[in-house]
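Down below is the structure, laid out as structure tokens.
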Amino acid sequence: MNPDDMNPDAVPLLSVHDVVKRFPGVVALGGVNFDVRAGEVHCLLGQNGAGKSTLIKVLAGAHRPDEGELRWQGETVAFNDPQAAISTGIGAIHQELDLVAGLSVAANVFLGHELSTAGFTRRTLARERTRELLDLLGHPDISPDREVGRLSAANQQVVSMARALSRDSRLLIMDEPSAVLDQDEVRTLFRVIRQLTTRGVAVVYISHRLEEIREIGDRVTVLKDGRTVATGLPVADVRTADLIELMTGRTIEYAFGPRTPPAPDAPAVLTVRGLAGAGRFSGVDLTVHAGEVVGLAGLVGSGRSEVLETVYGARKASAGTVEVDGRRLRRGSVGAAVRAGIGLCPEERKSQGLLLDQAVYRNITVSSLSAFARLGFLDEGAERARATELVEALDVRPTGVGRAVRTLSGGNQQKVVLARWLLRDCRVLLLDEPTRGVDVGARSEIYQLVRQLADRGVAVVVVSSDVEEVLGLADRVLVLREGRVVHEGPARELDEHRVLDLVMEGTAA
Amino acid sequence: TSNTPEAPPAQETAGGGGANAEPGEKVVIGFSAPAADHGWMAAISAAAKAEADKYSDVELKAVEGTNDVNLQISQVETLINEKVDAIVLLPFDGAALTPVALKAMEAGITVINIDREFDSPFASRVTVRGDNYGMGISAGTYVCEELKGKADAVVAEIAGIDSLPLTQDRSQGFADALGQCGLKVNNRVAAEFTVESGERAAANLLQAAPRIDAIWNHDDDQGIGVNAAIKNSGRSEFFMVGGAGSANVMREIKAGDGLLKATVVYPSTQGADGIALARLLVQGKGLSDIVEVEVPRSIQLSAPVVTQDNVDKYLEAAFES
Amino acid sequence: MSENTATASPTGRAAGTGIAPRRASALLGSAAGRNTGLVLALVLLCLAGVVTAGDRFADVSNVLTILRLASVIGVVSVGMTFVVTGGGIDLSVGAIVALSSVWATTLATQAMARDTHWLVMVFAALAVGAGCGLVNGTLVAYGRVVAFIATLAMLAAARGLAEIISNRKTQIVDVPGFTAFWDTSPLGVPMLVLVFAVVALAGWVVLNRTTFGRRTYAVGSNPEAARLAGIDVRRHTVLLYTLLGICCGIAAVMIIARTTTGSATHGGLYELDAIAAVVIGGTLLSGGRGTIAGTVFGVLIFTTLSNVFTLNNLSISAQAVAKGAIIVLAVLLQQRLARRSGG
Amino acid sequence: MSENTATASPTGRAAGTGIAPRRASALLGSAAGRNTGLVLALVLLCLAGVVTAGDRFADVSNVLTILRLASVIGVVSVGMTFVVTGGGIDLSVGAIVALSSVWATTLATQAMARDTHWLVMVFAALAVGAGCGLVNGTLVAYGRVVAFIATLAMLAAARGLAEIISNRKTQIVDVPGFTAFWDTSPLGVPMLVLVFAVVALAGWVVLNRTTFGRRTYAVGSNPEAARLAGIDVRRHTVLLYTLLGICCGIAAVMIIARTTTGSATHGGLYELDAIAAVVIGGTLLSGGRGTIAGTVFGVLIFTTLSNVFTLNNLSISAQAVAKGAIIVLAVLLQQRLARRSGG
Ligand SMILES: Nc1ncnc2c1ncn2[C@@H]1O[C@H](COP(=O)(O)OP(=O)(O)OP(=O)(O)O)[C@@H](O)[C@H]1O
Ligand SMILES: Nc1ncnc2c1ncn2[C@@H]1O[C@H](COP(=O)(O)OP(=O)(O)OP(=O)(O)O)[C@@H](O)[C@H]1O
Ligand SMILES: [Mg+2]
Ligand SMILES: [Mg+2]
């Protein structure tokens, strides 16, 4: 919908005035102003740690602001708990998946507003309604009875959306819903968003992918260091470069520069032969040479993560071998892989990557402890010093390496996981969705970093749902479909359409 | 706790009448016993306190009852630090408390050992012993008499806390006495001196043995639960012998309409005896009823069998559980 | 895991039709799969009982004895399942049982019960239990005291109070209506067992078929997510502990009925027994997963075990060693089976 | 949390210089902040002791009495801190202490000790403790038996075994060198207290200054992430339980020294006492957070409490009630203070 069609003088649905939220030692929001009108898609932009998620939590009643005011249709409101926001008509999809892993899909969708008579749940009805919602979201394949913890991250995101839709919200807030989705699914999401806005529902949309903002957004508000630096800009009228500059205070070359592929005679560092994981994938051959970046493309659920995890020894291979520098690794042993010089940035940073309650530096050094130890005694000063260097190199904010990782924003958490393996000087680096939730600036920094590593002779494998990213970053691309390699070839011989065709072939039929 | 009931008048003989009852110099007595987690043990502590209340010249310091020897040792250490005149000590485990009792004696404190014996004669001035082995003997002998001539009689035993040495002594005595008349313990279970555990143990026991002729239950407090289980099962082909000698049980014996025919007294007056003796010792007095000038080194209480015939004699001194 | 096998086709897209029947069988399979190990352990135990003790084991009255013994701790364990599933723990259950049993059998309460109706005693026990649970829950939810510590404190306080009130005497019940009622066996099933069955059934329904149960899982699995979904997590926590308190009150009434006494020594080490039954039944101590059926099996396994031991006249120490070994074997068995059924 | 206040400037960039001194003070502040509540609770308790018992409390020999009482359970609690920080729990500690104490004092062991050196007894106790810990750890890590259940089984088995070996008799120690050694008080500090101090110090160093300690936090905080970071989580878990087993062995030696006996009844309910001390000291039962200092304070609070009670001649039941109330108050106090220092 075009914002010009709306009457700008009408009372906004929700307006935010000078909201301040402080955490111990951090001012997460230092005075935020913006307003949302009925029927528009209002995009929130900002770097990692700018305060977007915190703002969302304030709007959803999960945080109480220290200062400032919220107005709902002109009336001042105060949300003391999520329930208050929900009953006002605000629904939210939080960045960190807010699902209950042990419950079924249907139970999650209706959690908190269960369909019931006299306290008894109406399971059949809930199941039907859930199926309708999932159909709407283009996922009839997800069974309402499936346990949510067993779904892939992408499907969990779909459940999260179904849940937000299950309440008739007048304002729907989505915190990076597209981070784990592939392009197809993002398109479906946008279709749903458009349906909602034509019904007059307002949507606040957060994403680090600027092209999405262009496609779906009506107006945009930019946050920087917890403050609004621009608000209510009509999307159609601003240049991407300007947005980036507003967010970061600098201009960023957001493109993949040309890259010289590694010397053809570079030795093979990682050699995978006939790798198979029980029932999930099989017959995967993969050779990565020193200085080479290999990309794994495929649909969500095609088994890319499992290949990486099996190479790393985190899952037991049912067949096949993994060699590093010609030495075969013991099957199913992470320790052996790490000692041989493999590092893995896992897909789910919260559950697989981070020690959330531990300090940043401890998360960074956890895989290199022996480097800081003499006779088992740690030199904590050296640890902190090295961690601080990396934190600064990766621009993690805030920089204090003593703070618990839990208190960092999502994108910054991702950087901490990366820093762990940078510290170790790996021979092989396996990156599973390395830029998920990472902002524009940091993303290009990560790209540069990956290239630098490759130039130093590290063998890199990258999994990403962002085809552009795979093509831009990798020298060679493997396409996975239903657990099998269906294509292997140099990245420059492929383009986005060709990859999508390869990826979809068969499933479309 | 308030102690209205049964400040045992029979026990006044211990202090005697006459001169010994006259107030003398002030005596501070420390008292330590295992946790009062069952009737008999609670009665011991209560009787000690009641006894102390009788004398205007006695100040009692009773410490928290505990089943942790480590804690009990430290409590005795505290009493030593406080320089009490005497310590009446019913140890959770006699051997384990011996070192600290020795320490107290070395510090010039009169230690009275109650019930569970130390393993050094130097650790106490007087030992007041119940007779656990004798208790088993009494119960066994009674059972033998009642079952005279029934060679294939089935005898069951419901023991108390099985890990305690005293339980072992009781069971040993019981087995030995039964052996004398050619019987043995056919079924044995153990409870924990509590009503509930007694019920549980007995319920299972009654299933294990389809026919029983006699049951000896070590402890009358858990006996309440045993009774409940028996009642529940509707069985009545056997008779039962109790242990410890609670007032309830004695009344039941007196009434004579239940399965309970007898109980073996394990005097709960030991605590009171200990207090009285401690006072006499500190004040330098003797037992006025006997000729001996000094208080004897060791007093062993007997473990008489109470039946309907002699119950009146014991009823008054019995503890309410 | 078995669910995946059924619903997740390799393409990740199951045909729309055909899902329902597959799902049903998968669900059934998974429920059985989750508990097969326990069922098997119980069956093996019973077999051992029959082999070693023959008719003395496989006898109606023996089975009823086992069930009667299981009922009191069973009721507590059902309540405990809720608290543990909701992410909490309660060490004070035994002490609450003791306090409730004492309170319900004081001379005053009994006098009132004789004057009016024996239900007075039941109300007293339930009220005391609910009150203690309420205090526990409030400390945990609003005072943010760690559950372990809050309920440990309640353990000390409630037992101390029970001792003070009862003056450490065993209080014998003398309310004819009360004993008469509990002595009945409708349809041949002792009243105690009946109460246990009703509580277990009600527990199952509440945990699996009501919003309350659904929210209990959510609160235990991911309290933050539950909060964000608009659930009042703290109030729910208070309710959970109160519910368990009420179960303790019921257990107190049952134990009064069984022993015809109230005593500060009742309920000794129930906390350990109940938690053990709950955990062996498959409820996660970290919360979010729990089944009433598993708990009931857990209770039955423990009770049957000690019954078989007694029937065989095993020494108490040997029992302890055997018990340790059997527990571990049962759990390992359960695990292997669960893994197999998961594929 | 107080660390944040010091190191994180609003711009998110602390000047490169100046970090070190700030960090140091922040660390100090945080250590105090984390434990101020406990320290305050202990101080208040001591004040109460002085007010109510005067010189009898504030007396060297009384303080030593408190410390001696604290040492045995203290050593176990230090070991427990490791296991709990690593995300586990161990209910079998008391039983392991009993078994070790019995094994180390059998006639055979004592005969050998007399023939060679009393250290034989110490080795026996440590070996038994380590062995039990190893079994616990293996069951939990490799057998994937829930820690609660595995160690509950060990509780039953170890105590049963101790009873069988000792034939339920208290075994008296008669090895002159042994008793003589433990009776010494170097520098006026009883040997028991010295051992506790050494164990606590060593525990602190290991937990805070070594790779082992760091891995313990990682394993307890998020075992899956720790595994993917290359830590051998299962081996580490086994080591943690073994370490605790060794601590139990040390505690067994200490209790033998204190009582000159080995017995199957030693160590009763140590599991509850140790876990309570650990948890009140701020260690999270869910793992990932734990401090030895907090645990030591926790132990001291509990022992001082019972000492003050003893000095004041309080009725036993009233003690229990007071204890419950005081525990809760201490925790609430601790929390308010922690929040203040954090906010
Ligand atoms: N619970 C908390 N405690 C302390 N600090 C916090 C907490 N939550 C957020 N912060 C801080 O507040 C700031 C804003 O974080 P927020 O999560 O809102 O960023 P964001 O804009 O959503 O970033 P991202 O794009 O990476 O998700 C960050 O500096 C973060 O470290
Ligand atoms: N332990 C498991 N139990 C059940 N299903 C699983 C398990 N692990 C993975 N799956 C499923 O297997 C499929 C392949 O997963 P995988 O994560 O390897 O795919 P992917 O290509 O990396 O996709 P994504 O982008 O979602 O990570 C997914 O549908 C996932 O839900
Ligand atoms: Mg965010
Ligand atoms: Mg993946």
From the list B:Ser74, B:Ala35, B:Ser32, B:Gly30, the residue making the most non-hydrogen contacts under 4.5 Å with chain D is B:Ser74
Less than 4.5 Å apart, any side-chain heavy atom of B:Val69 and any of D:His266?
-> yes
Could you tell me whether B:Trp40 atom CH2 has more than 12 heavy atoms of other residues or ligands within 6.0 Å of it?
-> yes
Which residue out of B:Leu71, B:Asp169, B:Thr66, B:Leu164 racks up the most heavy-atom pairs below 4.5 Å with chain D?
-> B:Leu71
Tightest non-hydrogen contact, residues B:Glu82 and D:Leu311, listed as OE2-CD2, 3.3 Å
Just how far is it from atom CD1 of B:Ile80 to atom CG of D:Asn62, taken to the nearest 0.5 Å?
-> 12.0 Å
Under 4.5 Å to a heavy atom of chain B? For D:Leu69 that would be both
Distance-minimising heavy-atom pair for D:Thr65 and B:Glu77 = CG2-OE1, 3.4 Å
B:Phe122 CZ: over 12 foreign heavy atoms closer than 6.0 Å = no
With a 4.5 angstrom heavy-atom cut-off, which part of B:Leu60 approaches chain D: side chain, backbone, both or neither?
-> backbone
Taking atom OG1 of D:Thr310 and atom CG of B:Asn81, what is their separation to the nearest 0.5 Å?
-> 11.0 Å
Comparing B:Ile73, B:Val63, B:Leu97, B:Asp119 against chain D, the one with the most heavy-atom pairs below 4.5 Å turns out to be B:Ile73
Let me know if D:Thr259 has heavy atoms under 4.5 Å from chain B in its side chain, its backbone, both or neither.
-> both
Heavy-atom side-chain proximity of D:Asn307 to B:Thr78 below 4.5 angstrom | yes
One should read off an interatomic distance between D:Ser61 OG and B:Lys83 NZ, to the nearest 0.5 angstrom, of 6.5 Å
Highest number of heavy-atom pairs under 4.5 Å with chain D among B:Leu79, B:Asp93, B:Val100, B:Asp68 belongs to B:Asp93
Assert top hit (heavy-atom pairs under 4.5 Å, partner chain B, pool D:Lys169, D:Arg68, D:Glu163) equals D:Arg68
With a 4.5 angstrom heavy-atom cut-off, could you sort out which part of D:Leu64 is near chain B: side chain, backbone, both or neither?
-> neither
With a 4.5 angstrom heavy-atom cut-off, could you sort out which part of D:Arg258 is near chain B: side chain, backbone, both or neither?
-> both
Bottom line for B:Ser163: the part with an atom under 4.5 Å from chain D's heavy atoms is both
Which atoms form the tightest heavy-atom contact between D:Thr170 and B:Ala95, and what is the distance?
-> CG2-CB, 3.6 Å
